[in-house]
Amino acid sequence: MHIDIISVVPGLLEGPFSHSILKRAEEKGIASVRVHNLRDYATGKQKHIDDYAFGGGAGMVMMIEPIARCIEALQQERTYDEIIYVTPDGKTFDQPMANSLSMKQNLLILCGHYKGVDERIRERYITQEISIGDFVLSGGELAAAVIADAVIRLIPGVLNDETSALTDSFQDHLLAPPVYTRPAEWQGMEVPEVLLSGHEAKINEWRFEASVRRTQERRPDLWAKSGLEKGELKSNKK
């Protein structure tokens with residue numbers, strides 16, 4: 001997979017892509033991320049990429065020409081499966097969306113700033129608009145990093161244990177169950193006995209039931225989407 005990101009402040013993305021899983025993915029040749037400074041595509045001595053909004057009002061708007069030049073230059077290098085604009089009024093990013101994007105080969109992400117981009121950019125180039133939540137950030141860079149991380153980690157070969165991503169929270173609309181490691185007893189608090197039993201079927205049953213209970217308690221909205229019926233659950237066994 002290859003991801004291009006268009007940014008007004010590319011320095012914000014140096015950290016996320018130079019460490020941990022994303023860095024290993026690039027070293028393995030599984031995924032690559034390139035960040036492009038939008039000001040490189042601006043004209044004039046000041047390299048302006050924003051201007052006042054027609055009709056007045058507070059805040060500036062990202063200009064159409066620099067963005068169009070950048071997108072079209074990148075399209076000369078590759079064909080994009082999706083051109084994504086990260087914006088508060090986009091569709092809320094979730095695990096099924098990450099799963100779908102992980103199957104793509106080339107993604108282009110445009111980071112918004114100020115009051116957003118000229119609407120004509122959205123109409124001409126954007127194929128998918130994404131929000132990471134009902135709140136506003138100072139720019140789309142952090143949201144782009146979140147999307148890239150969630151997508152790249154799903155690509156086979158990125159994680160050391162490829163089954164790990166399949167048991168993450170939100171897969172199948174359920175939260176992940178509680179997890180434990182050594183020591184088995186700490187300050188009077190013990191690990192559930194079933195997890196020490198070595199009985200794979202019982203452990204899987206316990207994890208499923210614990211996952212369901214946690215989802216019901218903490219995210220009833222996810223539980224409603226799961227399609228599971230309470231009658232299907234077996235009683236918890238330690």
Side-chain angles (χ1 to χ4, degrees), residues 1-18 22 31-44 46-102 104-153:
M1 172 181 283
H2 179 81
I3 300 177
D4 285 301
I5 300 176
I6 302 173
S7 168
V8 175
V9 280
L12 284 176
L13 293 169
E14 292 176 1
F17 299 120
S18 59
L22 298 181
S32 60
V33 179
R34 289 172 57 202
V35 181
H36 306 270
N37 190 338
L38 183 60
R39 293 189 188 278
D40 292 340
Y41 297 86
T43 58
Q46 301 300 323
K47 298 289 185 180
H48 285 302
I49 47 84
D50 63 302
D51 206 340
Y52 294 103
F54 282 124
M60 306 293 279
V61 177
M62 294 175 68
M63 296 167 61
I64 192 169
E65 292 96 338
I67 300 173
R69 278 193 288 268
C70 183
I71 291 176
E72 291 177 6
L74 294 175
Q75 286 178 322
Q76 294 298 311
E77 299 179 13
R78 57 179 49 83
T79 299
Y80 292 99
D81 299 296
E82 298 285 355
I83 300 180
I84 299 166
Y85 174 47
V86 284
T87 171
D89 59 353
K91 184 177 180 181
T92 303
F93 189 64
D94 57 14
Q95 193 62 47
M97 194 183 298
N99 293 343
S100 176
L101 290 175
S102 73
K104 309 296 184 181
Q105 185 173 358
N106 295 308
L107 301 176
L108 174 57
I109 303 177
L110 171 62
C111 301
H113 256 272
Y114 315 116
K115 284 295 184 180
V117 303
D118 188 298
E119 186 69 17
R120 290 167 289 183
I121 286 291
R122 301 169 79 163
E123 294 173 354
R124 174 68 63 86
Y125 301 104
I126 304 304
T127 64
Q128 192 166 165
E129 300 185 348
I130 296 177
S131 167
I132 62 168
D134 294 338
F135 50 87
V136 178
L137 299 170
S138 58
E141 283 76 16
L142 298 180
V146 166
I147 294 167
D149 184 287
V151 169
I152 290 174
R153 69 189 303 278

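Note that the coordinates shown come from a computational prediction; the quantities given were computed from them, not determined experimentally.
- No donor-acceptor distance shorter than 3.5 angstrom exists from the side chain of Ser7 to the backbone of Asn37, with no hydrogens or angles considered.
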Walk me through it: do Arg34 and Glu77 pass the test salt bridge (charged side-chain N to carboxylate O under 4.0 Å, His left out)? CA-CA 13 Å; Arg34 289 172 57 202; Glu77 299 179 13; 3.0 Å; yes

Got a list of side-chain donor-acceptor pairs under 3.5 Å for residues 48-63, not counting sequence neighbours?
none

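- The minimum heavy-atom distance linking Tyr41 with Ala73 is given by the pair CE2-CB, 3.9 Å.
- Separating the OG atom in Ser32 from the CE atom in Met1 is a distance of 10.0 Å, to the nearest 0.5 Å.
- Between Glu129 and Lys91, the closest side-chain pair of non-hydrogen atoms is not below 4.5 Å.
- The one candidate from Asp4, Ile130, Val86 that meets the side chain to side chain contact (heavy atoms under 4.5 Å, CB included) condition with Ile109 is Val86.
- In this structure, Ala148 and Phe17 approach most closely via the heavy-atom pair CB-CE2, 3.8 Å.
- Note that CD1 of Ile71 and CG of Leu38 are 9.0 Å apart. Values are rounded to the nearest 0.5 Å.
- Within the 4.5 Å cutoff, the side chain of Thr43 has heavy atoms near those of the Arg69 side chain.
- Closest heavy-atom contact between Tyr125 and Ala68: OH-CB, 3.5 Å.
- With respect to Gln128, the side chain to side chain contact (heavy atoms under 4.5 Å, CB included) criterion is satisfied by exactly one of Ile84, Leu107, Asp81, Ile83: Ile84.
- Using a 4.5 Å heavy-atom threshold, the side chains of Val117 and Arg122 count as touching.
- When all heavy atoms of Glu141 and Leu13 are compared, the closest pair comes out as O-CD2, 3.2 Å.
- For the atom pair NE2 of His113 and SG of Cys111, the computed distance is 7.0 Å after rounding to the nearest 0.5 Å.
- The backbone N or O of Glu14 lies less than 3.5 Å from a partner atom in the side chain of Ser18, making a donor-acceptor pair.
- Without hydrogens or angle criteria, Asn106 side chain to Thr79 main chain gives a donor-acceptor distance under 3.5 Å.
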